[in-house]
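Have a look at the structure below before the remarks.
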Amino acid sequence: MTVEHPALALRGLAKRFDGTIAVAGVDLDVPAGSFYGLLGPNGAGKTTTLSMAVGLLRPDAGSAWVLGHDVWQDPVTAKRLLGVMPDGVRLFDRLTGAELLAYNGLLRGMDPAVVDQRAAELLDVLALGDAGRTLVVDYSAGMKKKIGLACALLHGPRVLVLDEPFEAVDPVSAALIRDILTRYAAGGGTVVFSSHVMEVVERLCSHVAILAGGTIKRVGTIDEVRGGRSLEQVFVEVVGGRTATGEELSWLSQ
Amino acid sequence: MALPVSVDATPAAPVRTVSARHFVRLKLRVMGNNFRGQGWRIALFVGGALLGLWFAAAGFFLFAAPGLTGNGRYAVLIAAAGGGLLVLGWLFLPLVFFGVDETLDPARFALLPLPRRTLVTGLFVAALISVPVLAVLIATFGLVLTAWSLGGWSAGLVAVVGVLAGILLCVAASRAVTSAFATMLRSRRVRDLAAVLLAVTAALLGPLQVFGLAALREADWTRLTGVATVIGWTPLGAPWTVGIDVAQGRVWAAPVKLLITVVALGALLAWWSRSIESAMVGAASAGKAPVRRGVTGGAVAQLFPRVTTWAGRDRFGALVAREARYWWRDARRRANLITIAVVGIFVPVLINVTGGDFAFEDGAGFTAAASDSSPVVVTISMLLVGVLAAVTLANQFGFDGSAYAANVVAGVPGRVELRARMTAFSLYVLPMLGVVAVVLSFLLSRPEWIGLTIGGLVATYGAGLAVNSLISVLGAYSLPETSNPFAMNSGAGLAKGLLTLLAMLVSVVVAVPMVVAAALLGDAWLWLALPVGAAYGLGAALLGAYLAGDVLDRRQPELLATVTPRR
């Protein structure tokens, strides 16, 4: 390769659902090796954007590239490089953790011996080995996130796209996930994840983009975006939150 | 939005009581919102309503026939037999074929401070708001007409009460039974037992029908009227016959029969309310799952169940293994497998053993009647079974729901995906079809027809797989994410019905060469049917996977969007 491609490049991605615009033209360049946080309030279009970027949702307009491969023109190559953990999507949850990993590994065309070895290691590291033959449907929310992450990591992707990896996760599991992601990034991988938890983003990310109302409002390295203030201040200012005056909901105080 | 929530200092603040009216309004609102901006759903609903009205009109004239002709001799017979079949239909059809409309999912009410009585009454009244109930109401008013014309307005009035009570009984029976079975299928302990029980119950319908028709053939009409009178004293027939009893001068019977109906209704509602409770808490926690240990082998070895050990440890193998596990572990899919088992026995027996000639028969019994069946009739009945088995896959991606995203992300080629799904399903269905073929051949005392039956079954099943894989890619729809395997989205019931009908029609057309061969080739076909049928079925299935796989490759994301339930 003569030119260094960005790990993930989005150009003019747009999506409209039943007349409402969910995403209105998102451009984004995620440098290879970066730890990229996509911030935004609920309903900002984070999930829609990421779904279009990984080939789960066909965009109305625009395109997405993974390390220079077009996700919608050349999906086979692009999807091989990607590891994805969608949010609000069920896993094949009537399998056990080990079965689910084996399924995903073989589906990616991996060698069975490698699948066995990596699955055992992942289950061990993520503390899911104790679950034994418990079906994933009976896992707790945190365990489901962890097995989802394991599925995304199993085939050793170059780019990891995670939708809300820290949602509904207890502090112990969150620390574990953070640790694994940091190691993955240190090993040369690229992580893109969406979140609305400021402190996690501040602690982990090298780059940040703030998405609101379907468009990118701020983008850059974390220091550029913060500009000397806290990320939360910038976020609330950009998104335009409302502060309670204390007049309404008076019946809440007894 | 101002919510009427109040945490006033006076806890005795008047709480407005919730009545059944609220449930009805809620149901109408949910139905209305489902239609909003979805023209095709409205069209489907209207189509379904018209279809229902057509059946209702047919039923009306059947029930009204004794009154219209002024001949009361068979009035009790028609009322008891027709009404009894109606109740049985409400009992079994949702279980085996259609599912219940769970617009108002009981689990959603778990957190509301509602007395159970209010909840059950509300859900019950809401369940009455449906097209089938309206259709049955129209049809059974034929009984009112009969009672009125035979016995004047007082008989007619009693008939109205009876018919209304009868409809309540139908709805209560269907709710209570599906809810009870759903609870059992959900519970890990008795799940397998429930499946077996359901299969046995439904499979009993077949033989019952055989005996019923055999009895019909032999018995004279007066004896049948006697049977009908007895049925009239059970909950199955009681509500439908009261009007005629009054018309024919048995006024004392009316209050007793109405009492029988009310007691049955009360028992059913009590039963329903118990299983509703378990459905409500069951949604929150299905009990602690046993942590099964004793894991042997690596992850890959665990994925493959014993029936799939032959499969390669690759993409195709993984898909087959996962599907095979799902057909067993997913309650909804398992309910479908049971349906196939039931239909597989039920339809051919119906057509071959009872279909012949009950006018000419001199009463020599089964075998004499059975030997009238011909290779063509057998092939046609096999065609129906094969097609019905394959039609289960018409919404195979709907079973997966949003979990299908995993396959999209991994970029599974469409042809591999469809071939694997067909293979895994066939692991269960082909043995069942084999049993059907053998059982039918022996029932007809024609063991030499085994080749013919198996050949016909496999050919039509393969053709059905081909057609249904294409339909499953183009016409998928989402299923509600509830724990009730019988639940359908409102409006989806008809979509399902139409899609199934389309799939079956096309499959039948594709499989017609087998019938033609059976008709033209005579005895040679008895031996040729097996190899030719197997080759035809396999070829059709592979071709179907090839063509539909291409379509699937182009519309994976769209398919994922259609099978993801709206939240």
Side-chain angles (χ1 to χ4, degrees), chain A residues 18-19 51-52 54-58 72 75-80 82-86 88-113 115-120 122-123 129-135 137-138 151-152 155 251-252 254, chain B residues 5-9 36-38 188 286-295 297-304 312-319 321-322 325-326 328-331 333 400-413 416 481 553 555-558 560-561 564-565 567:
Chain A
D18 298 334
S51 298
M52 291 191 290
V54 299
L56 283 175
L57 181 69
R58 199 183 297 280
W72 292 98
V76 177
T77 322
K79 285 175 177 175
R80 196 174 298 144
L82 272 175
V84 181
M85 180 170 82
V89 159
R90 283 172 60 165
L91 298 161
F92 277 108
D93 53 15
R94 273 164 181 91
L95 301 178
T96 67
E99 287 168 2
L100 185 64
L101 285 176
Y103 174 67
N104 274 289
L106 294 179
L107 218 54
R108 295 280 189 171
M110 291 169 66
D111 180 64
V115 173
D116 272 345
Q117 183 226 330
R118 288 192 188 172
L122 279 168
L123 288 176
D130 290 341
R133 304 276 302 156
T134 311
L135 300 185
V137 70
D138 296 320
C151 289
H155 63 288
W251 48 267
L252 274 175
Q254 310 221 355
Chain B
V5 181
S6 88
V7 196
D8 284 350
R36 202 158 56 184
Q38 311 256 348
R188 286 193 179 72
K288 195 72 188 163
V291 178
R292 285 176 288 173
R293 286 180 191 280
V295 182
V300 173
Q302 288 175 44
L303 174 64
F304 285 77
R313 301 301 189 252
D314 53 9
R315 204 141 47 178
F316 177 79
L319 281 162
R322 203 266 304 151
R325 289 225 178 274
Y326 258 66
W328 191 246
R329 286 185 188 165
D330 186 358
R333 293 201 192 202
D400 291 349
S402 55
Y404 176 62
N407 294 11
V408 180
V409 164
V412 182
V416 177
E481 282 186 352
D553 279 336
R555 38 174 291 137
Q556 272 186 353
E558 284 76 14
L560 176 64
T564 303
R567 280 175 304 162

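Note: hydrogens, waters and symmetry copies are ignored here, and every other heavy atom, side chains too, is used. Chain identifiers are assigned alphabetically (A, B, ...) following the order of the sequence lines, protein sequences preceding nucleic acid strands; residue numbering begins at 1 within each chain.
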Handout entry: Interchain contact, A/L107 with chain B, by part (heavy-atom threshold 4.5 Å)
Key = both
Problem - Portion of A/P112 that has a non-hydrogen atom of chain B nearer than 4.5 angstrom - result: both
Practice task
Grab the two heavy atoms, one from B/A318 and one from B/F304, that are nearest each other, plus how far apart they are.
Solution key: N-CZ, 3.8 Å
Completion exercise
So CG of A/N104 and NE2 of A/H155: to nearest 0.5 Å the spacing works out to 9.0 Å
Handout entry: Rounded distance (nearest 0.5 Å) linking atom OH of A/Y103 with atom OG1 of A/T96
Key = 14.0 Å
Problem - Options A/L82, A/L123, A/V54, A/D116, ranked by heavy-atom pairs under 4.5 Å with chain B, top entry - result: A/D116
Exercise for the section: Let me know if A/A119 has heavy atoms under 4.5 Å from chain B in its side chain, its backbone, both or neither. Expected result: side chain
Problem - Separation between CG of B/L319 and CG of B/D314, rounded to the nearest 0.5 Å - result: 9.0 Å
Problem - Contact origin within B/R333 toward chain A - heavy atom pairs under 4.5 Å - result: neither
Handout entry: Contact winner vs chain B - A/R80, A/M110, A/R94, A/K79, heavy-atom pairs under 4.5 Å
Key = A/R94
Practice task
For the pair A/D111 and A/R118, find out whether any cationic side-chain nitrogen is under 4.0 Å from an anionic carboxylate oxygen.
Solution key: no
Exercise for the section: Check for a donor-acceptor pair, side chain of B/S402 on one end and backbone N or O of A/R90 on the other, with a separation under 3.5 Å. Expected result: yes
Problem - A/R133 with A/E99: basic N within carboxylate O range, under 4.0 Å - result: yes
Problem - Which atoms of B/A561 approach chain A - backbone, side chain, both or neither, heavy atom under 4.5 Å - result: neither
Practice task
Quick one: which of B/R315, B/R313, B/R322 has the most heavy-atom pairs under 4.5 Å with chain A, could you say?
Solution key: B/R322
Problem - Which portion of B/Y404 sits near chain A, non-hydrogen atoms under 4.5 angstrom - result: backbone
Completion exercise
Greatest number of non-hydrogen atom pairs under 4.5 angstrom with chain A, of B/N407, B/L560, B/V412, falls to B/N407
Handout entry: Heavy-atom pair with the smallest gap, counting every atom of B/Y326 and A/L91
Key = OH-O, 4.4 Å
Fill in the blank from the handout: chain A shares the most heavy-atom pairs under 4.5 Å, among B/P413, B/G411, B/A410, with B/A410
